2 protein chains.
Amino acid sequence: MTVPLPADLFDELCPSSLVPFRMADKWAPLVLRCLEDGPRRFGELRVPLRRVTPKALTTSLRRLERDGFVTRVVEGAAVRYELTALGRGLLGQLDAWCTWVEENWDALLDARDPLP
Amino acid sequence: MTVPLPADLFDELCPSSLVPFRMADKWAPLVLRCLEDGPRRFGELRVPLRRVTPKALTTSLRRLERDGFVTRVVEGAAVRYELTALGRGLLGQLDAWCTWVEENWDALLDARDPLP
DNA sequence: CGGCATCCACCAAGATACTG
DNA sequence: CAGTATCTTGGTGGATGCCG
């Protein structure tokens with residue numbers, strides 16, 4: 001079985017307004033990352049995403065489901081969310097973004113807040 | 001000298017809501033593509049982007065300038081917009097998106113329909 | 001030519017509280 | 001546990017008209 005998601009999986013400032021990329025909605029990239037290692041329940045997602053209100057998380061998950069990136073499966077009392085093949089494909093783009101942002105982070109900072 | 005931008009550079013339905021990626025704002029990816037082959041004037045950009053109001057185009061350009069992706073240079077009565085090195089780097093990501101969308105277009109279409 | 005001013009509709013998204 | 005229900009706000013972006 002998969003390891004529980006750590007509460008500090010994401011940086012406090014993630015996502016940042018300096019990042020010019022957006023995927024689906026504000027929290028979708030973080031949700032996708034949480035689902036990378038296998039299906040998760042709503043409560044599991046809330047641990048690393050504790051800054052996100054339940055409503056916002058639900059909205060994000062519903063949209064990901066509508067667009068075919070995530071499936072919502074009810075198993076008795078429990079619910080699990082899982083990546084589809086299409087959704088898993090988004091992770092490649094996400095990795096590319098992260099790489100680009102890391103490589104250009106200083107330039108992004110300098111451009112946004114030029115030294116006097 | 002660069003060739004004038006064709007009026008039909010972009011598809012009528014571009015950008016589409018089926019594309020889960022966003023760069024800066026709605027029109028930024030198209031603007032960046034217009035600047036790929038060299039500096040352009042405001043009026044030149046308006047040709048392929050005739051569906052975009054002047055205000056929206058200005059807003060997009062201002063934001064791209066603020067974030068360090070584009071420079072705005074006044075040359076007497078004329079104004080030219082040009083990609084910075086950082087902005088040119090965005091084109092790589094844009095290419096990656098286009099490739100991904102083309103490869104997954106049918107899946108995106110199929111996935112969107114089933115849900116109410 | 002290269003915009004700006006104004007008004008307005010839409011919706012993403014947060015705060016807060018509550019529920020089957 | 002897995003969400004809903006309201007309320008409210010801020011920002012994007014379209015429509016229209018005007019300007020130096």
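Throughout, a chain's letter reflects where its sequence line sits, starting with A, and its residues are numbered from 1. Being a predicted model, the structure only gives us computed values, none of them experimental.
- A/Asp37 and A/Thr2 are not linked by any side-chain donor-acceptor pair at a separation below 3.5 angstrom, with hydrogens and angles left out of the test.
- At a threshold of 4.0 Å, the pair B/Glu65-B/Arg63 does not count as salt-bridged, since none of the basic side-chain nitrogens sits closer than that to a carboxylate oxygen.
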#### Entry: Full working for side chain to side chain contact (heavy atoms under 4.5 Å, CB included) between A/Leu64 and A/Tyr81
CA-CA 10 Å; A/Leu64 289 169; A/Tyr81 293 94; over 6 Å; no
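- In this structure, A/Ser60 contributes its side chain and A/Ala56 its backbone to no donor-acceptor pair below 3.5 Å.
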### Message
Base contacts versus sugar-phosphate-only contacts with protein, heavy atoms under 4.0 Å: please encode nucleotides 1-17 of chain C as B, S and - from 5' to 3'.
### Response
SSBB-BB-----BBBB-
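- Axis deviation across the helix from C/dC1-D/dG20 to C/dG20-D/dC1 amounts to 50°, comparing end segments of five pairs, rounded to 10 degrees.
- Using cut-offs of 30° and 60° on the angle between ring planes, the pair A/Phe69 and B/Trp100 is tilted.
- Side-chain atoms of B/Arg50 come within 3.5 Å of backbone N or O of B/Ala7 as a donor-acceptor pair.
- Using a 4.0 Å cut-off between charged nitrogen and carboxylate oxygen, B/Arg62 and B/Asp67 do not count as a salt-bridge pair.
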